[in-house]
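Have a look at the structure below before the remarks.
Quantities reported herein were computed from a predicted structural model and do not represent experimental measurements.
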Amino acid sequence: MSIASSSAERTGSRRTPLAAVFGSAGSTLTAWERDFFRDADPLGFILFERNLGDADAIRRLVATLRETVGDADAPVLIDQEGGRVARLGPPAWPAFPSAARLAQGTVAATRATARAIGAMLAGLGIDVNCAPVADVRVPGLTHEVIGERAFSSDPALVAAHARAYAEGLREAGVLPVLKHLPGHGRVAADSHETLPETDADEPSLQAFSALADLPVGMTAHVLYRDWDPCLPATLSSSTIAGIVRGRIGFGGLLLTDDLSMRALNGPLGERARGALDAGCDIALHCNGDPTEMAAVAGAAGPMTAAAAMRWQRARTWLEAS
């Protein structure tokens, strides 16, 4: 499927978008990015600090991104967890507590905090937040890349606060993204830099199973030796089918974590195709590199009917709040 043919499948306000979400390089779009996004027609976009000016500039960028694909409802994502993972931060934006700090309080307070984060995002036109993190922290083992981003080492407490966080976002009109399926808590390495390996992450399975009804999730670039000795979850059909969809029972739209992370090997097109063939619904590419984005777009193809149905269910879940 060529990039052009994906775009050609649009029909009025309805479209069959590319099974991808892309980042862009700066706070305004280049001519190349405008043309590329128009022709590739990705499902949506993701924002990082490099994209974020003042509030008016963010709103303009969000509107421009949606205009490139001709879809006012194209999702725009961001990582605004609270704590150290917050693309919007002081002095222009309020600082929100980390998941670990939230878990020291009540689930009502967690829900209220997420509602405030969601209201801030919704005011900018951003409608998807890549949070909550439902990884279960393992004292003395969990790498600091997760660290305070995890609510707790108690799966029940993680599930309770993660659900409250998701519901708070929902009340503000923002979709949550549950991460990192099937669990990033047992690993002592940073998947941004290398491929972590671990045994089965049973505590995280407990937490994620309690959250399996949430509408959107993100994979972990982690190799779970018990489930697939060769491939990380993002690229493993056995881990996605057997664990994420099977044991956990997650039925929502499944995004990859960022395909440009060093945990994955090989050309970007191969990574994207491998992830989608393994059972992911959407290939996420974040760094805005034109060559890499073109490779992902050339390999991804349009969203499947099953992925489109999951996306529609996610929008319905949000609207039912």
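- Counting heavy atoms from C-beta outward, P203 and S153 have side chains that stay 4.5 Å or more apart.
- Looking only at side-chain heavy atoms (C-beta outward), R15 and D71 come within less than 4.5 Å of each other.
- Note: Y224 and W227 have tilted aromatic rings, judged against thresholds of 30 and 60 degrees for the angle between ring planes.
- Counting heavy atoms of neighbouring residues, nucleotides and ligands inside a 6.0 Å radius, atom CZ of R101 does not exceed 12 of them.
- Interatomic distance, H180 NE2 to L255 CG, rounded to the nearest 0.5 Å: 11.5 Å.
- Not a single donor-acceptor pair under 3.5 Å links the side chain of S236 to the backbone N or O of P232.
- We find that D39 and R34 are not joined by a salt bridge, their nearest charged nitrogen and carboxylate oxygen being 4.0 Å or further apart.
- At least one side-chain heavy atom of M303 sits less than 4.5 Å from a side-chain heavy atom of I282.
- Taking the charged nitrogens against the carboxylate oxygens, E171 and R111 do have a contact shorter than 4.0 Å, which makes a salt bridge.
- Between the R115 side chain and the T110 main chain, no donor and acceptor come within less than 3.5 Å of each other.
- Looking at Q80, its side chain does come within 3.5 Å of a backbone N or O of R87 through a donor-acceptor pair.
- The CG atom of L18 lies 9.0 Å from the CG atom of L43; values are rounded to the nearest 0.5 Å.
- Salt-bridge check for R170 with E167: passed, with a basic side-chain N closer than 4.0 Å to an acidic carboxylate O.
- The aromatic rings of F37 and F45 stand perpendicular to each other, their planes meeting at an angle above 60°, with 30° marking the opposite boundary.
- To the nearest 0.5 angstrom, T219 atom OG1 is 6.0 Å from D257 atom CG.
- Distance alone, capped at 3.5 Å, is enough to place a donor-acceptor pair between the R271 side chain and the L264 backbone.
- The same ILVMFWY cluster, assembled from side-chain heavy atoms under 4.5 Å apart, contains both F96 and V174.
- Atom CG in D154 sits 9.5 Å away from atom NE2 in H161 (nearest 0.5 Å).
- Proximity of R38 to E67: side-chain heavy atoms (C-beta onward) are nowhere separated by under 4.5 Å.
- Follow the hydrophobic side-chain contacts under 4.5 Å out from I146 and you never reach L157; the two are in separate clusters.
- Between R163 and D213 there is a salt bridge, since at least one side-chain N of the basic residue sits less than 4.0 Å from a carboxylate O of the acidic one.
- The closest side-chain heavy-atom distance from L61 to L29 is below 4.5 Å.
- Distance alone, capped at 3.5 Å, is enough to place a donor-acceptor pair between the R315 side chain and the D73 backbone.
- Here L205 contributes atom CG and I243 contributes atom CD1; the two are 6.5 Å apart, rounded to the nearest 0.5 Å.
- A donor-acceptor pair under 3.5 Å links the side-chain atoms of D258 to the main chain of C286, judged by distance alone.
- Proximity of F250 to V216: side-chain heavy atoms (C-beta onward) are nowhere separated by under 4.5 Å.
- A salt bridge links E81 with K179: the closest approach of a Lys/Arg side-chain nitrogen to an acidic carboxylate oxygen falls below 4.0 angstrom.
- When atom types are taken as modelled, the side chain of T256 and the backbone of L284 share a donor-acceptor pair closer than 3.5 angstrom.
- L124 and V85 end up in different hydrophobic clusters when Ile, Leu, Val, Met, Phe, Trp and Tyr side chains are linked at under 4.5 Å.
- Placement of W317 and L211 within a single hydrophobic cluster is found when ILVMFWY residues are connected by side-chain heavy-atom separations under 4.5 Å, directly or transitively.
- Salt-bridge formation is detected for the pair D281/R245: a Lys NZ or Arg NE/NH1/NH2 atom is positioned less than 4.0 Å from an Asp or Glu carboxylate oxygen.
- Side-chain contact check for L102 versus T113: some heavy-atom pair is nearer than 4.5 Å.
- Residues D79 and F48 form a side-chain contact, since some pair of their non-hydrogen atoms from C-beta on lies under 4.5 Å apart.
- Comment: E202 engages R247 in a salt bridge, judged by a side-chain N to carboxylate O separation of less than 4.0 angstrom.
- Formation of a donor-acceptor pair under 3.5 Å by the D127 side chain with backbone atoms of V76 is found in this model.
- Grouping the Ile, Leu, Val, Met, Phe, Trp and Tyr side chains by contacts below 4.5 angstrom, directly or via other members, places V133 apart from L254.
- Residue L77 comes nearest to C130 through the heavy atom pair CD2-SG, 3.8 Å, listed as atom of the first residue, atom of the second, then distance.
- A distance of 7.5 Å separates CG in L47 from CD1 in I58, rounded to the nearest 0.5 Å.
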